[in-house]
Amino acid sequence: MKKMSATGLLKLRPNVVKSFFRTYKASGIPELTQVRHNVKRGNYATLEGKDIAFFESIVGKNHLVQDDLQGYNVDFMRSVRGSSQLVLRPSSTQEVSAILKYCNERKLAVCPQGGNTGLVGGSVPVCDEIVLSLARLDKILHIDEITGIAACEAGCILENLDLKARELGLVVPLDLGAKSSCHIGGNVSTNAGGLRVLRYGNLHGSVLGVEAVLANGDVLDLMSDFKKDNTGYHLKHLFIGSEGTLGVVTKVSMLCAPQSQAQHVAFLGLSSFDDVLKTFRDSRQFLGEILSSCELIDANSLDASVNHFKLNSPIEGYPFYMLIETSGSNAEHDMEKFNRFLENGMEKGQIIDGTITGEVGKMQEIWKLRELVPVALIEDGFCFKYDISLPLREFYHIVEVMQERVGNLATRVCGYGHLGDSNLHLNICCQEFTQEIYKCIEPFVYEYTSQVKGSISAEHGIGFLKKNYLKYSKSPAAISKMRELKQLLDPNSILNPYKVLN
Ligand SMILES: O=C(O)CC[C@@H](O)C(=O)O
Ligand SMILES: [Zn+2]
């Protein structure tokens, strides 16, 4: 085990999303979503000249986009493509409200869009919905260094808010590979998870308030600066994770955490999944509250990021790798704890090899091995992506079962993800989409997840791609109540149609 000095404080990460977008633009667009998924257009009005004139009077000529809409119509994964003819870029809640009120009266369907970094086709139109881009609502409203409360508009880029918070010794309690492009409003609407849910919990906990515009244009001001507010139903939760189907989030307030004073990252090689589980258990025991991330990367996943991005992995040749990060307040104490944890793991033969560092540059190098996995995997051609919560004891079994099932129809079957949150990313890559491989995978993957009482979406949401499978994670009674809520808040179903519910 090579031990490095602990000097690093804060981690700045590579611009994963921007590099991905370059690849995506170069590689063409997929076949029409409606054809592949057999979608029937809803009973919505079609755009007329009078609509364009109205929208122009609201957002102005320059923010009504009718040309070159591919970046708005195609999703991050290149698997869903809509045929919207119009993008509106409002600059205020009032403009969003006027647009929705009009669309509701005219029965024009609307697809709200943030940074368009979602992985389930939730942020792009499926047919010809009007795209409502929140990109111009990008202001940071305030960050209070005493209380840690930050408020911003929905289109604020996560990284921008985080950098501003860091100037005040704070950190936004959400960290994703897509942070340089994704919007806070999109993060909240999808209840985005990411790399530090283990530390900060999910957005249902850290979001204090939201402002949302309903389908009929009503503005619901649920902004709050308080953690404690027991005044009846907490309506804000309806907009966290409902993927733009119940309202459009326009503002958010959240509680930022104090920035940690010391960070360390270890990258470990293990020879069995049983050892992975024991090492996770020990990490909780030995590292306690300073444990901030616990990620799993299997050999196929590591191979993808190393080879595609020509990275150097400090250790090689193991079936499993763990990335364990601590964030604490005293580098020396944290390092002592980490060393005890590592020594224990090595003595028991659970950890075979590894490296640990507190240097910023070296921590970044290690994080790249993990964060670039999903981007590298897309390069094989087509990638079936699953984002499932599984009981930890069952966590890796499905990867092995899937390897057996798809055999050489796949170029790679990979399991990686947020082990500390029981959230597996199962990715099955192949040269191109074929019915043969598709049928091997679905609905089996959902049936399996349901049988072990997992969740078919741990963090990416249901969006368009998983809406037919919601029943594997929600009872008929729960789905029926979801429909009633949708009907109550959006009776004409103009908001993000074809998503979440059938
Ligand atoms: O692409 C994926 O399957 C996972 C993406 C993201 O949630 C991650 O954890 O890297
Ligand atoms: Zn993830």
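Every number for a ligand or one of its atoms is a count from 1 in the order of the listing.
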**Note, Leu302 side chain near Leu369 side chain (heavy atom, < 4.5 Å)** =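 SC-SC contact between Leu302 and Leu369 confirmed.
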**Prompt:** Out of Tyr416, Phe273, Phe267, which one pairs with Tyr321 under the ring pair (Phe, Tyr, Trp, His ring centres under 6.0 Å) rule?
**Reply:**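 For Tyr321, the ring pair (Phe, Tyr, Trp, His ring centres under 6.0 Å) test succeeds with only one of Tyr416, Phe273, Phe267, which is Phe267.
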**Message:** Evaluate Arg370 for polar contact with ligand 1, using N/O atom pairs at a separation under 3.5 Å.
**Reply:**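 Arg370 vs ligand 1: N/O contact under 3.5 Å present.
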Are [X] and [Y] close enough that their ring centers fall under 6.0 Å?
X: Phe286; Y: Phe338; result: no
X: Tyr498; Y: His37; result: no
X: Phe433; Y: Phe382; result: yes

Can [X] be said to touch ligand 1, with heavy atoms closer than 4.0 Å?
X: Glu459; answer: yes
X: Asn427; answer: yes
X: Tyr386; answer: no

**Asked** atom 1 (O) of ligand 1: which protein heavy atom is closest, and how many Å away?
**Response**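 Answer, as residue, atom name and distance: Lys385 NZ, 2.5 Å.
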**Request:** Name the closest protein heavy atom to atom 7 (O) of ligand 1, giving the residue it belongs to and the distance to 0.1 Å.
**Result:**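 Ranking protein heavy atoms by distance from atom 7 (O) of ligand 1, first comes His460 NE2, 2.7 Å.
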Considering only NZ, NE, NH1 and NH2 on the basic side and carboxylate oxygens on the acidic side, decide whether [X] and [Y] come within less than 4.0 Å.
X: Arg412; Y: Asp303; value: yes
X: Lys278; Y: Asp282; value: no
X: Lys362; Y: Glu365; value: no

**Request:** Any atoms of ligand 1 less than 4.0 Å from a non-hydrogen atom of Tyr416? List them with their elements.
**Result:**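 In order of numbering, the contacting atoms are 1 (O), 2 (C), 3 (O), 4 (C).
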**Request:** Please identify which atoms of ligand 1 are closer than 4.0 Å to at least one heavy atom of His418.
**Result:**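 The list of qualifying atoms is 9 (O).
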**Message:** Taking 4.0 Å as the limit for heavy-atom contacts, which would you say applies to Val373 with ligand 1: side chain only, backbone only, both, or neither?
**Reply:**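 It is neither part, as no heavy atom is under 4.0 Å.
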**Prompt:** Taking both backbone and side chain into account, is any N, O or S atom of Glu459 nearer than 2.8 Å to the Zn ion (ligand 2)?
**Reply:**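 Checking the Zn ion (ligand 2) against Glu459, an N, O or S atom does fall under 2.8 Å.
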**the Zn ion (ligand 2) contact by His460, N, O or S atom under 2.8 Å** =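 So His460 does not bind the Zn ion (ligand 2) by this criterion.
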